[in-house]
Protein chains: 2
Amino acid sequence: MLSKKTKYAFHALTYLGKHRDQKTVLIQDISEEYGISHKFLENILLELKKAGILGSKKGKGGGYYLIKAPKDVALSKVIRLLDGPIALLPCVSLNYYEPCVECKSEAACGLNKVMIQVRDEMLKVLENKTLADILDKE
Amino acid sequence: MLSKKTKYAFHALTYLGKHRDQKTVLIQDISEEYGISHKFLENILLELKKAGILGSKKGKGGGYYLIKAPKDVALSKVIRLLDGPIALLPCVSLNYYEPCVECKSEAACGLNKVMIQVRDEMLKVLENKTLADILDKE
DNA sequence: AATTACCCTATCTTTTTTATAGGTTTTATA
DNA sequence: TATAAAACCTATAAAAAAGATAGGGTAATT
């Protein structure tokens with residue numbers, strides 16, 4: 001399951017996507033809309049900004065805004081950013097690889113090989129579905 | 001990511017699958033092969049037994065054995081048993097459904113709809129890949 | 001009857017997740 | 001230029017989940 005952080009990130013991105021007509025959106029507007037703690041959401045939006053998905057403006061009249069087109073924000077990007085690996089095992093993660101301590105030989109591990117297939121199937125979906133798909137359905 | 005419990009369950013099932021020629025396999029044999037705590041593994045094997053995947057025999061010469069054909073042990077079954085939901089959000093879980101508290105209307109939630117699609121794609125893989133696929137690759 | 005090994009429950013420790021706190025910097029505008 | 005509004009930053013605390021351990025109970029086999 002996704003962490004709340006990631007789920008909230010998707011909610012926030014959806015909200016920002018729906019309000020692209022306005023220059024900026026306040027953290028508070030989003031936090032009230034979804035009942036998310038202001039401070040918790042703040043951390044999430046900051047991470048999205050550092051990742052180049054959001055832009056922000058400080059001071060009065062400031063707030064956050066989408067920097068990318070919704071179709072260019074893949075689900076995989078958001079998940080990796082907030083939650084980490086998408087793969088089901090560390091030994092098959094593309095972005096967060098770690099060997100399994102109990103594994104003598106990765107090359108001879110059937111579990112490893114099957115999980116690589118699972119990962120690739122998952123990525124086919126998560127790399128191609130984007131924020132635009134979410135917005136289309138709202 | 002899968003929990004260690006689930007990963008260990010797959011290791012144990014693989015080991016049992018590879019030793020189907022013998023009547024039973026000791027917990028200890030598996031725990032030594034993979035360096036898993038005997039007691040921790042015991043709990044896992046018990047759950048697999050309760051789920052009807054493994055059988056066991058008590059007393060001298062006892063141990064665990066596979067009750068099902070490897071091709072009938074889907075990855076999804078093992079994951080759900082030890083880890084819980086496969087879906088990425090509680091509101092799209094088939095087996096562990098819970099509404100999202102922040103969600104006013106599930107029917108109007110784009111995130112919900114997209115995550116249903118993701119879930120279905122994941123299930124396509126996880127329901128069809130089985131222990132037999134792991135064993136084939138060992 | 002003794003041994004072997006599964007069965008069960010409870011508890012403890014560690015890690016991760018979730019949330020909070022408090023101050024700093026930047027910007028618009030009156 | 002003062003003030004208010006808003007993002008930015010860092011640290012810490014609380015809660016939950018995962019991982020691991022302990023110790024005995026029970027059943028079956030030799």
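Bear in mind the structure is a predicted one, so any value in this text is a computation, not a measurement. In the text below, chain A, chain B and the rest are named by the order of the sequence lines, each starting its count at 1.
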note: A/Gln28, atom CD; D/dA7, atom C1'; distance rounded to Å ~ 13 Å
| query | Touch check for B/Leu45, heavy atoms < 4.0 angstrom, all strands: base, sugar-phosphate only, or nothing? | reply | nothing
Here the distance between atom P of D/dC8 and atom CG of A/Leu54, to the nearest Å, is 10 Å
Atom NE2 of B/His11 and atom P of D/dG19 are separated, to the nearest Å, by 13 Å
note: B/Leu41, atom CG; D/dA20, atom P; distance rounded to Å ~ 12 Å
From CD of B/Glu47 across to P of D/dG19 the rounded distance in Å is 12 Å
5' to 3', nucleotides 18-30 of chain C under a 4.0 Å protein heavy-atom cut-off (B base, S sugar-phosphate only, - none) gives SBBBBB--BBS--
Answer for the Watson-Crick or wobble partner of C/dT11, both distances under 3.5 Å, is D/dA20
- Please tell me if the side chains of B/Arg80 and B/Ile86 come closer than 4.5 Å, counting only heavy atoms from C-beta onward. yes
Requested in this report: Tell me what B/Lys50 touches on the nucleic acid: a base, only sugar-phosphate, or nothing, going by heavy atoms under 4.0 Å.
Outcome: sugar-phosphate
Taken to the nearest 0.5 Å, the spacing of B/Ser93 OG from A/Met1 CE works out to 6.5 Å
- Would the A/His19 and A/Tyr15 ring centres measure less than 6.0 Å apart? yes
Are there over 12 heavy-atom neighbours, none belonging to B/Gln28, within less than 6.0 Å of that residue's CD? no
Is any side-chain N or O of A/Tyr65 closer than 4.0 Å to OP1 or OP2 of D/dA6?
no
When rounded to whole Å, the NZ to P distance for the pair B/Lys7 and D/dA18 reads 15 Å
*Any side-chain heavy atom of B/Val114 within less than 4.5 Å of one from A/Leu75?*
yes
Between the OH atom in A/Tyr8 and the CZ atom in A/Phe40, the distance rounded to the nearest 0.5 Å is 6.5 Å
task = State whether the side chain of A/Glu98 and the backbone N or O of A/Pro90 hold a donor-acceptor pair below 3.5 Å, judged by distance alone.
result = no
note: A/Leu46, atom CG; D/dA11, atom P; distance rounded to Å ~ 15 Å
Rounded to whole Å, the NZ-P distance (B/Lys49 to C/dA5) equals 16 Å
